[in-house]
Number of protein chains: 2
Amino acid sequence: MRIITWNLNSIRTRRARLLKLLARHEPDILCLQELRAEAEVFPRLDVAAAGYHAEIHAQAARNGVAILSKQRARVRRRGLPPCEGRGEARFLDVEAAGLRVLTAYVPNGKSPRHPDWGYKLEWLEALAAYLADECDPEQPLVLGGDFNVAPADCDAATANPDGVLCHPSARAALAGVVRWGLDDAFRLEFAEGEESDRNLYTWWDYTRLSFARNAGARIDHLYVTAPLRSRVRKVMVDRDERRQKKGQDIPSDHAPLVLDLDVSRG
Amino acid sequence: MRIITWNLNSIRTRRARLLKLLARHEPDILCLQELRAEAEVFPRLDVAAAGYHAEIHAQAARNGVAILSKQRARVRRRGLPPCEGRGEARFLDVEAAGLRVLTAYVPNGKSPRHPDWGYKLEWLEALAAYLADECDPEQPLVLGGDFNVAPADCDAATANPDGVLCHPSARAALAGVVRWGLDDAFRLEFAEGEESDRNLYTWWDYTRLSFARNAGARIDHLYVTAPLRSRVRKVMVDRDERRQKKGQDIPSDHAPLVLDLDVSRG
DNA sequence: GATCAAGAAG
DNA sequence: CTTCTTGATC
């Protein structure tokens, strides 16, 4: 089965690209982040016509996540405690296709010296607490999303330890999530330093020709629990989705991360 | 020869439609209004590749006119006196293809009770004065543009005498321009009441399904001087350009007005 | 550099 | 309803 996570950066602007992605990959599960529009804007009819159910947790203008699935999903949770006070839609937990599927849009943090930096760390701690309280590491579970953290120096073209993506405190907070009982599916297939530089980064800044220079970072991840560890068959970045063909519509700044699991019996 | 006037409502947004229009009609002259961007934004290269020269009179964000021609044009005037104080780009006068070609984007006026209503009337008076001072009604001349006036009640689906398009003062001011020595090319072909309701209006409000209901107005005009009067062969509205095909880009609220002149010798 | 929100304009 | 501006965010 195929599971994808993609920060599409506006469902309004990326509607056509979303439908093409569904047709191209036919994923069983698709986790989306940064819908940036109220739930009513989501193209439910087009997505249904493509054969997908959609569970949505959205707000106006900012954040917003969704999980699309061929089989209808059952929602377990919308939101995490640190989101509540700010009214932010950054987390969704469902059961779908015999799995627990969680998606997260981790706060960027703005800068390690900005007042919002603490919010990023608290948010990751709340995610770890949620897993501990509400999930079972012995059951099949996938956690996918935009974590706004490059776990290791080799996961970013410029691994600035003072930047939002590589700061030690953010890496430690993410490690606290993983420690509960997760494996980074990408790293199950590719050891650090053994990946191709064409199948590593998932995000490139819109400015300074970052995509052309491959000046990106691996900040979108798919994590799996132990029962799925040996089921990981393939992990790849759909770089082509990040490309802008001449005269075409503008891509998201993130590329989809695609995971194939072998769920045949035995 | 073919002469078109079109208020395209943003050169940025209508770039692809402009190029298709050139390919579809191959006009000798194309007058454009409401570029709504600085001159640098104009797609000179694409237009040149299509075989056209472009003379542009533009400003940032608002107004802006241009005259495209297969043969290079010679600019006679950019702007009219009432534009100067406000920095508005609403008028361009060139020689092209053996003709004098003027294009105008007449101020809307906002409402007959708005302080800007006087500006609309002054603007039309300045246009009449310009013709009297700078042009010769015995020479071949075409004046095309968005006049924001429906000359007669049959030129608007709802001919509200209190509205900006049908107010008697605006009609009188436009009549003052025509009186210099112009014929409304559309009315040379179709007498009042003898036109088809599918070849009359050039503008339809974006709201209230105006185009579907054909609730439009004939406010874009092509005027000709006496030497061209007997040369008018055909006048038609390219309604198809105003249509929005499902999933396609958004049209301008104006349709192009197309004039064919017979300029064969004798 | 691309997105969203207001507000102004047509 | 669609466009453009400015300012904020990522």
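Residue numbers begin at 1 in each chain, while the letters A, B, ... track the order of the sequences.
Between the side chains of B:His254 and B:Ser252, no donor-acceptor pair is found at a separation under 3.5 Å. Inspection of the A:Asp205 and A:Thr207 side chains reveals an N or O donor paired with an N or O acceptor under 3.5 Å.
Of the possible polar contacts, one joining the B:Arg171 side chain to the B:Ala150 backbone as a donor-acceptor pair under 3.5 Å is found.
The nearest whole Å value for the distance from the CD atom in A:Gln33 to the C1' atom in C:dT3 is 16 Å. Taking atom CG of B:Leu8 as the reference point, atom P of C:dG10 lies 16 Å away to the nearest angstrom. Summarising the geometry, the separation between CG on B:Asp205 and P on C:dG10 is reported as 13 Å, rounded to the nearest angstrom. Atom CD1 of A:Ile250 is separated from atom P of C:dA2 by 5 Å (rounded to the nearest Å). In this structure, CZ of B:Arg14 is placed 13 Å from C1' of C:dG10, rounded to the nearest angstrom. Spacing between atom CH2 of A:Trp203 and atom P of C:dA2 amounts to 14 Å, rounded to whole angstrom units. Atom CD of B:Glu88 is separated from atom C1' of C:dA9 by 11 Å (rounded to the nearest Å). Per the geometry, CD belonging to B:Gln59 stands 18 Å off P belonging to D:dT3, to the nearest Å.
With a 4.5 Å cut-off on side-chain heavy atoms, A:Thr202 and A:Phe147 do not count as touching. The closest side-chain heavy-atom distance from B:Arg218 to B:Asp184 is below 4.5 Å.
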Exercise for review: Sugar-phosphate atoms are those with a prime plus P, OP1 and OP2; base atoms are the rest. Using that split, label each nucleotide of nucleotides 4-10 of chain D B, S or - for protein heavy atoms under 4.0 Å, 5' to 3'.
Suggested key: SS----S
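Applying a 4.0 Å cut-off to non-hydrogen atoms, none of the residues of residues 157-177 of chain B approaches DNA chain D.
Remark: A:Arg62 CZ is loosely packed, at most 12 non-hydrogen atoms of other residues, nucleotides or ligands lying under 6.0 Å away.
For the side-chain contact (heavy atoms from CB on, under 4.5 Å) with A:Leu143, the qualifying choice from A:Thr5, A:Asp93, A:Leu127 is A:Leu127, the only one to do so.
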Check your understanding: Is there a side chain to side chain contact (heavy atoms under 4.5 Å, CB included) between B:Val47 and B:Leu19 once you walk through the steps?
Key -> CA-CA 7 Å; B:Val47 160; B:Leu19 297 171; 4.2 Å; yes
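Because its NZ or CZ atom is not both nearer than 6.0 Å to the ring centre of A:Tyr201 and within 45° of the ring axis, A:Arg242 does not count as a cation-pi partner of that residue.
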